[in-house]
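Notes follow once the structure below has been shown.
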Amino acid sequence: MTTQVNETQLEEQFNETIAAKDRIEPRDWMPEKYRKTLVRQVAQHAHSEIIGMQPEGNWISRAPSLRRKAILLAKVQDEAGHGLYLYSAAETLGATRDELTEKLIAGKQKYSSIFNYPTLSYTDVGTIGWLVDGAAICNQVPLCRTSFGPYGRAMIRICKEESFHQRQGYELLMTMMRGTEEQRASVQESVNRFWWPSLMMFGPPDDDSPNTEQSMEWGIKTHTNDELRQKFVDMSVPQADALGVTLPDEGLKWNEERGHYDFSTPDWNEFWAVVKGNGPCNDQRVAHRKRAWDDGAWVRDAALAFAENSAADADGATAPAGPDDATAPAGPDDATVPAAPTDSPETPTAEEAAK
Ligand SMILES: [Fe+2]
Ligand SMILES: [Fe+2]
């Protein structure tokens with residue numbers, strides 16, 4: 001007996017799963033709009049991880065010590081890993097990495113606007129760790145409970161690493177604050193540049209964020225942009241005090257009644273200009289990504305050819321091999337096995353060397 005399940009029943013099941021805060025898995029039925037919204041969100045997140053390697057990667061060769069270089073290398077490599085987890089999550093929704101990267105390069109998909117700002121000093125590595133990875137943690141911890149299984153599971157691994165990123169940044173700034181007057185001034189200057197763009201990482205204000213409501217209903221967003229921004233400000237003020245830096249906002253003060261810090265409004269005109277492609281480094285970031293993608297084409301082709309050959313070999317290995325089977329391992333007389341040289345051409349014999 002077969003049971004016909006119609007779309008209405010599938011949608012009911014989907015809604016029940018969401019209401020119970022269970023996970024939707026790739027093979028489950030999902031509304032097309034849910035799938036599309038998720039692909040856009042996960043792709044934007046994956047692109048941010050990969051593009052985000054550029055501003056800091058820029059300083060790897062100029063790290064002030066071996067220790068700082070090892071830390072920065074590990075961090076930038078972590079971000080590559082985050083991008084890969086997320087592209088894999090997007091693949092379970094039917095969007096390939098090639099397709100998403102092509103869209104990024106063509107300017108059809110976005111990444112976080114913060115990465116369109118330049119890194120002007122090594123101090124920026126510390127500030128990015130403290131503020132940018134800190135803002136990413138505020139955004140991403142709630143996503144560990146997102147309704148789509150592969151995305152939530154990727155976020156759990158990512159968040160563990162992000163908290164190390166934040167700590168290494170804070171530790172770098174703390175070391176500099178204990179250093180010379182010049183180093184302290186450099187930290188303050190860097191924080192002045194990154195504070196406002198960090199607040200913008202949470203996206204536009206709630207009344208200008210039309211997709212938030214639907215995304216919250218679907219459990220792919222659990223807090224609004226303004227709620228997360230407030231959380232980030234509340235978290236950062238005591239950290240700035242401990243560090244001894246001033247956050248560049250005269251409107252920043254504790255509000256006893258609200259139980260939160262009040263702060264000034266970010267410059268949303270600047271935010272929209274950067275999102276629309278007119279930030280200081282937009283063109284440079286996308287051009288670099290395109291170059292890396294084009295330069296890596298042969299690696300992807302080679303990996304694909306290797307996978308195809310391995311699959312063909314595995315198929316061959318399962319066939320019963322007869323005595324005349326051409327795929328049987330070659331014996332010692334096989335003409336394709338190069339004869340072992342008695343002497344390497346690079347290492348002359350004692351006799352030759354003496355000549
Ligand atoms: Fe990351
Ligand atoms: Fe990070």
Side-chain angles (χ1 to χ4, degrees), residues 38 40-60 63 67-91 97 100-101 104 109-119 122-146 148 150-174 190-191 193-195 197-203 220-221 228-229 231-232 235-236 239 281 285 288-289 292:
L38 259 175
R40 201 185 58 226
Q41 184 175 331
V42 176
Q44 183 167 326
H45 192 164
H47 297 330
S48 301
E49 301 284 354
I50 299 295
I51 294 275
M53 294 165 73
Q54 290 184 39
E56 289 184 281
N58 179 35
W59 285 92
I60 291 173
R67 178 172 175 264
R68 292 292 170 198
K69 188 180 213 142
I71 293 171
L72 185 55
L73 265 172
K75 193 215 166 185
V76 172
Q77 195 169 311
D78 280 354
E79 305 300 7
H82 298 173
L84 298 186
Y85 300 156
L86 291 162
Y87 284 125
S88 299
E91 266 178 1
R97 203 195 310 177
L100 299 180
T101 304
L104 167 71
Q109 280 181 342
K110 307 270 181 221
Y111 53 89
S112 179
S113 58
I114 189 80
F115 302 118
N116 291 314
Y117 290 86
T119 42
Y122 199 84
T123 316
D124 288 353
V125 168
T127 312
I128 288 177
W130 175 39
L131 295 178
V132 175
D133 289 275
I137 292 169
C138 282
N139 254 330
Q140 294 172 5
V141 166
L143 289 175
C144 294
R145 295 190 306 274
T146 192
F148 186 60
Y151 190 29
R153 288 189 287 274
M155 291 317 308
I156 293 170
R157 295 184 67 169
I158 291 173
C159 283
K160 285 182 185 162
E161 292 177 345
E162 295 300 358
S163 78
F164 271 109
H165 295 176
Q166 194 199 21
R167 282 197 226 169
Q168 66 81 33
Y170 197 73
E171 189 265 348
L172 169 58
L173 297 185
M174 192 56 104
S190 177
V191 169
R193 274 184 291 113
F194 275 96
W195 174 248
S198 300
L199 290 191
M200 294 176 197
M201 282 177 70
F202 298 93
I220 53 181
K221 202 167 172 175
L228 292 169
R229 198 171 357 257
K231 199 169 166 227
F232 176 69
M235 185 178 97
S236 300
Q239 291 173 352
C281 299
R285 300 290 186 237
H288 184 92
R289 183 73 196 98

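This is a predicted model, so every value here is computed, not measured. Counting convention: from 1, in listed order, for ligands and their atoms alike.
Taking the side chain to side chain donor-acceptor pair (under 3.5 Å) definition, one finds that Arg145 meets it with nothing, sequence neighbours left out. Partners of Phe232 under the ring pair (Phe, Tyr, Trp, His ring centres under 6.0 Å) rule, at least two apart in sequence or in another chain, are Trp195, Phe202. With sequence neighbours excluded, the residues that form a side chain to side chain donor-acceptor pair (under 3.5 Å) with Glu162 are His82, His165.
A distance-only check finds no donor-acceptor pair linking the side chain of Arg289 to the backbone of Leu104 [under 3.5 Å]. In this structure, the side chain of Thr119 does not engage the main chain of Asp124 through any donor-acceptor pair within 3.5 Å.
Donor-acceptor pairing under 3.5 Å is recorded for the side chains of Thr127 and Ser190.
Around the Fe ion (ligand 2), the protein atoms of type N, O or S found under 2.8 Å away are Glu79 OE2, Asp133 OD1, Glu162 OE1, His165 ND1, listed by chain and number.
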